[in-house]
Amino acid sequence: MQFMTANRAEADTAFIVCENNQGAALIPGTVCEFTITATDADQGMLVEVVDVAVNATTGIAAPVAGVVETTIATGEHGRLQVYGPATVRASAAIPVGRLAVATSAGVAPTGVVTVDTQTTTTNAIYAKAGLGICLENVNATNARVHLSIM
């Protein structure tokens with residue numbers, strides 16, 4: 001894990017190292033999940049876009065890994081941001097102060113955030129899809145989110 005040096009000019013951020021297992025380049029702002037694998041050496045290293053719609057009752061299919069910082073080519077290593085303010089691809093506008101939740105919302109590319117669902121049927125695995133609180137609704141396809149994935 002890489003923690004950026006704290007200073008008075010920039011917000012604190014933290015990153016993890018990963019390997020792109022997607023089959024296509026991962027672009028900045030894309031939300032990734034860990035690849036489920038039985039190979040010990042690949043656990044916690046291989047990532048792909050969130051490719052299953054997150055459901056309020058059944059949750060997410062794999063652990064959220066982080067948000068792509070800069071483009072990561074297929075099979076290459078790169079960094080995912082896991083803490084601090086980040087611009088994240090969104091499926092639609094997200095109200096400020098609401099939880100941004102990872103999903104595959106049918107927009108290209110998948111691996112985006114959407115606003116959380118508030119219902120009595122949500123469970124703990126749904127909560128694991130949360131990335132952090134929306135700080136700014138930039139536009140309908142991007143949100144500024146304070147990531148808290150660690």
Side-chain angles (χ1 to χ4, degrees), residues 1-7 9-92 94 98-117 122-136 138-150:
M1 204 173 263
Q2 179 184 22
F3 293 90
M4 302 310 291
T5 305
N7 65 56
E10 298 176 66
D12 293 338
T13 53
F15 300 86
I16 63 167
V17 174
C18 66
E19 182 180 339
N20 178 354
N21 193 43
Q22 178 60 34
L26 295 172
I27 63 171
T30 302
V31 180
C32 292
E33 64 187 5
F34 287 108
T35 300
I36 301 294
T37 175
T39 305
D40 291 351
D42 292 337
Q43 293 171 354
M45 178 59 77
L46 297 181
V47 299
E48 57 193 72
V49 297
V50 175
D51 53 10
V52 175
V54 173
N55 182 286
T57 54
T58 59
I60 190 165
V64 173
V67 175
V68 178
E69 178 199 25
T70 58
T71 301
I72 308 170
T74 303
E76 295 297 319
H77 290 83
R79 295 190 320 169
L80 297 182
Q81 187 174 344
V82 295
Y83 182 82
T87 300
V88 180
R89 294 185 50 80
S91 63
I94 299 178
R98 290 285 297 274
L99 180 65
V101 177
T103 192
S104 167
V107 295
T110 57
V112 296
V113 293
T114 189
V115 68
D116 65 318
T117 299
T122 56
N123 61 27
I125 196 70
Y126 176 75
K128 295 305 289 180
L131 270 71
I133 303 298
C134 181
L135 298 172
E136 179 185 4
V138 178
N139 54 44
T141 58
N142 290 285
R144 193 82 173 142
V145 175
H146 193 284
L147 301 177
S148 186
I149 302 170
M150 305 188 327

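We count residues from 1, following the sequence as given.
To the nearest 0.5 Å, the span separating OG1 on T13 from CZ on R79 amounts to 7.5 Å. Between the CE atom in M45 and the OG1 atom in T35 there is a gap of 11.5 Å [rounded to 0.5 Å]. With values rounded to the nearest 0.5 angstrom, I94 atom CD1 is found 6.0 Å from T114 atom OG1. To the nearest 0.5 Å, the span separating CD1 on I125 from CG on N55 amounts to 11.5 Å. Distance check: E48 CD to T74 OG1 gives 12.0 Å after rounding to the nearest 0.5 Å.
The two residues T70 and P28 make their nearest non-hydrogen contact at CA-CG, 3.9 Å. When all heavy atoms of V47 and A65 are compared, the pair lying nearest together is CG1-CB, 3.7 Å. In plain terms, the two heavy atoms of V64 and K128 that are nearest each other are CG2-O, 3.6 Å. Closest approach of F34 and I16 over heavy atoms only: CZ-CD1, 3.9 Å. In terms of heavy atoms, G75 sits closest to E19 at O-OE2, 3.7 Å. Nearest heavy atom pair, residue A100 against residue V113, reads CB-CB, 4.0 Å.
Results of the side chain to side chain contact (heavy atoms under 4.5 Å, CB included) test with C32 over V67, N21, V68 single out V68 as the only residue that passes.
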> Should D51 and E33 be marked as a side-chain contact (heavy atoms from CB on, under 4.5 Å) after you check the CA-CA gap, both sets of side-chain angles, and the distance that decides it?
Replying inline: CA-CA 9 Å; D51 53 10; E33 64 187 5; 3.0 Å; yes
>> Show, in sequence, the C-alpha distance, side-chain angles and deciding distance for D116 and R98, and conclude whether the side-chain contact (heavy atoms from CB on, under 4.5 Å) test is met.
In response: CA-CA 7 Å; D116 65 318; R98 290 285 297 274; 2.9 Å; yes
>> The test is side-chain contact (heavy atoms from CB on, under 4.5 Å); show your working for H146 and Y83 and say whether it passes.
In response: CA-CA 7 Å; H146 193 284; Y83 182 82; 3.6 Å; yes
>> Please evaluate residues N20 and E76 with respect to the criterion side-chain contact (heavy atoms from CB on, under 4.5 Å), reporting the C-alpha separation (whole Å), side-chain torsions for both, the decisive distance (0.1 Å), and the verdict.
In response: CA-CA 6 Å; N20 178 354; E76 295 297 319; 5.7 Å; no
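For the pair T87 (side chain) and R144 (backbone), a donor-acceptor distance under 3.5 Å is absent. At least one donor-acceptor pair closer than 3.5 Å links the side chain of Q22 to the backbone N or O of V49. In this structure a side-chain-to-backbone donor-acceptor pair under 3.5 Å is missing from S148 to G132. Here the side chain of R89 pairs no donor or acceptor atom with the backbone of V31 at under 3.5 angstrom.
Side-chain contact check for L131 versus I149: some heavy-atom pair is nearer than 4.5 Å. At a threshold of 4.5 Å between non-hydrogen side-chain atoms, the residues V101 and I60 do not count as touching. The shortest side-chain heavy-atom distance between P63 and I36 falls under the 4.5 Å cut-off.
Of the N and O atoms on the side chains of T37 and D42, not one donor lies less than 3.5 Å from an acceptor on the other residue.
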